[in-house]
Asks: 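Structure provided below as structure tokens; questions to follow.
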Amino acid sequence: MAKRYMEVACRKQSLVCLAADRSTMAGLNQLIDEVGQHIAALKTHVDLIDDWTAESWAAFCTKAQTSDLLIFEDRKFADIGKISRNQMAGIYDIRSWADLVTAHLISGPDIVDGLQAGWTDVNRHGGVLLLAQMSSRGNLLSPQYTTLVVEKGKAHDGVFGFIGNGSRPNELRDLRKAVGEGKMIWTPGVNLVVGDGEMGQRYGDPAQAVAAGSDCIIVGSGIHKAENPAQEAAKYAAVSWQALQMR
Ligand code: 5BU
């Protein structure tokens with residue numbers, strides 16, 4: 001999964017994953033049409049769409065694949081293994097279209113086996129990103145918890161990387177030290193305008209995040225709320241690519 005992502009990133013010269021947090025199918029489709037060429041992955045929250053249908057979602061996923069994008073459902077699974085496996089199915093059938101998903105390790109390592117079994121059930125492969133840190137203020141992922149998540153995640157083939165806190169480069173640097181070079185770090189909480197965001201979100205500088213060891217900057221409102229999303233996405237792509245080359 002890491003290799004697939006880096007191949008796309010190199011083709012597009014962009015380490016940007018777009019957090020496509022729009023609530024209508026039309027809004028989502030428009031966003032991909034506008035910024036698809038500047039981003040390497042597409043992050044979704046399938047359960048926040050008002051007019052979701054299986055057919056419109058399938059068409060949207062085809063559009064994403066045609067735009068050379070990995071599809072990442074940020075579901076933050078957290079239940080026991082067998083339930084997580086079943087949650088990969090259900091009405092949204094995440095296992096059939098998502099290339100990667102996020103999970104907490106709070107319930108123990110079997111959650112990763114459950115998610116991998118979900119993909120196996122439909123003869124697909126996917127990758128899990130474990131939440132080692134979060135970007136929101138006051139979150140309960142303590143340094144000790146982070147250490148344990150990294151320890152368990154590094155030892156599991158089904159985990160290709162971790163979520164690190166993009167709003168705090170120092171935390172990211174520590175995370176990179178603990179992770180080593182074998183797995184990826186993807187980072188939400190980045191914006192060209194650094195500081196506090198809505199409802200406890202915090203933003204750090206995308207170039208600093210990449211310099212500190214991030215392999216992918218996850219950008220939401222910085223792109224989808226911009227007056228000119230394509231122009232903004234191109235900016236984030238350039239900044240991320242330049243920072244990667246410096247690193
Ligand atoms: P923003 O608009 O750039 O703030 O969007 C950030 C996205 O990243 C949003 O979809 C969140 O669900 C997601 N996110 C986050 O902000 N912080 C985290 O720690 C994790 C995910 Br994990």
Side-chain angles (χ1 to χ4, degrees), residues 14-24 27-28 31-32 35 38-49 64 69-78 94 98 100-106 111-112 115 127-143 145-146 149-150 153 159-169 171-172 174-175 179 183-210 212 214-227 229 232-233 235-237 239-240:
S14 168
L15 295 184
V16 178
C17 171
L18 171 70
D21 297 331
R22 284 200 176 156
S23 55
T24 64
L28 284 173
L31 199 52
I32 300 220
V35 312
H38 303 299
I39 60 175
L42 173 73
K43 188 175 88 61
T44 56
H45 284 300
V46 69
D47 52 355
L48 58 72
I49 296 146
L69 294 171
L70 291 178
I71 308 179
F72 164 17
E73 169 61 19
D74 188 10
R75 172 65 177 70
K76 302 181 182 73
F77 289 95
I94 293 169
L100 42 139
V101 299
T102 39
H104 288 285
L105 207 62
I106 193 78
I111 188 170
V112 180
L115 296 171
V128 175
L129 286 170
L130 290 177
L131 276 76
Q133 298 174 338
M134 289 191 77
S135 64
S136 46
R137 74 175 170 214
N139 72 73
L140 305 182
L141 283 64
S142 66
Y145 176 81
T146 300
V149 169
V150 170
V159 173
F160 81 101
F162 301 91
I163 294 289
N165 173 14
S167 75
R168 295 291 182 273
E171 286 182 23
L172 267 183
D174 291 344
L175 182 63
V179 169
K183 307 250 182 199
M184 301 205 120
I185 299 176
W186 289 34
T187 55
V190 288
N191 197 297
L192 288 168
V193 182
V194 169
D196 289 340
E198 257 176 83
M199 302 191 94
Q201 176 67 304
R202 301 175 296 184
Y203 294 113
D205 177 65
Q208 280 186 29
V210 174
S214 168
D215 299 297
C216 177
I217 52 168
I218 299 173
V219 186
S221 35
I223 293 174
H224 67 74
K225 286 219 172 122
E227 216 163 278
E232 257 345 83
K235 239 189 251 176
Y236 279 94
V239 160
S240 67

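Atoms within a ligand are numbered from 1 in the order they appear, just like the ligands themselves.
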Asks: State the CD-OH distance between Glu198 and Tyr203, to the nearest 0.5 angstrom.
Replies: 7.0 Å

Asks: Nearest 0.5 Å please: distance from the CD1 atom of Ile223 over to the NZ atom of Lys235.
Replies: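 It comes to 11.0 Å.
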
Asks: Looking only at non-hydrogen atoms, find the nearest pair between Ser14 and Ala40 and report the distance.
Replies: O-CB, 3.6 Å

Asks: Identify the protein heavy atom lying closest to atom 12 (O) of ligand 1, giving its residue, its atom name and the separation to 0.1 Å.
Replies: His45 NE2, 2.9 Å

Asks: Provide the number and element of each atom of ligand 1 under 4.0 Å from a heavy atom of Ile163.
Replies: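 Matching atoms, with element in brackets: 22 (Br).
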
Asks: Which residue and atom name correspond to the protein heavy atom nearest atom 16 (O) of ligand 1, and how close is it?
Replies: Gln201 NE2, 2.8 Å

Asks: So, for Pro169 and Gln208, which heavy atoms are closest and what is the spacing to 0.1 Å?
Replies: CG-OE1, 3.3 Å

Asks: Examine the proximity of ligand 1 to Lys76 and report which part, side chain or backbone, both or neither, has a heavy atom under 4.0 Å away.
Replies: side chain

Asks: Heavy atom of Asp74 under 4.0 Å from ligand 1?
Replies: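 Heavy atoms of Asp74 do come under 4.0 Å of ligand 1.
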
Asks: Kindly give the heavy-atom pair with the smallest separation between Leu42 and Ala20, and that separation in Å.
Replies: CD1-CB, 3.8 Å

Asks: At a non-hydrogen distance cut-off of under 4.0 Å, which region of Met134 contacts ligand 1 (side chain, backbone, both, or neither)?
Replies: both

Asks: Who's the nearest protein heavy-atom neighbour of atom 9 (C) of ligand 1, and how far?
Replies: Asp21 OD2, 3.3 Å

Asks: Out of all atoms in ligand 1, which are within 4.0 Å of some heavy atom of Tyr203? Include the element for each.
Replies: 1 (P), 2 (O), 3 (O), 4 (O)

Asks: Please state whether Lys43 comes within less than 4.0 angstrom of ligand 1, counting heavy atoms only.
Replies: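 Yes, Lys43 has heavy atoms under 4.0 Å from ligand 1.
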
Asks: Measure the spacing between OG1 of Thr146 and CG of Asp174 and express it to the nearest 0.5 Å.
Replies: 9.5 Å

Asks: Which residue, Val16, Leu15, Ile163, forms the side chain to side chain contact (heavy atoms under 4.5 Å, CB included) with Ile218?
Replies: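 It is Ile163, the one option of Val16, Leu15, Ile163 that forms the side chain to side chain contact (heavy atoms under 4.5 Å, CB included) with Ile218.
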
Asks: Among protein heavy atoms, which sits nearest to atom 3 (O) of ligand 1, and what does the distance come to when rounded to 0.1 Å?
Replies: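 That would be Gly220 N, 2.9 Å.
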
Asks: Just to be sure I read this right, does ligand 1 sit under 4.0 Å from the backbone of Ala19, its side chain, both, or neither, counting only heavy atoms?
Replies: side chain

Asks: Would you compute the distance between atom CZ of Arg137 and atom CG of Asn165 and round it to the nearest 0.5 angstrom?
Replies: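 Atom-to-atom, Arg137:CZ and Asn165:CG are 13.5 Å apart.
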
Asks: What is the closest protein heavy atom to atom 20 (C) of ligand 1, and at what distance does it sit?
Replies: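 Here the nearest protein heavy atom works out to Pro188 CG, 3.6 Å.
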
Asks: Around atom 17 (N) of ligand 1, find the nearest protein heavy atom and jot down its residue, atom name and distance.
Replies: Ser135 OG, 2.7 Å

Asks: Which of these, Leu18, Ile71, Asp74, sits in a side chain to side chain contact (heavy atoms under 4.5 Å, CB included) with Lys43?
Replies: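 Result: among Leu18, Ile71, Asp74, Asp74 is the only option passing the side chain to side chain contact (heavy atoms under 4.5 Å, CB included) with Lys43.
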
Asks: Kindly identify the option in Leu18, Leu131, Leu129 whose heavy atom sits closest to atom 22 (Br) of ligand 1.
Replies: Leu131

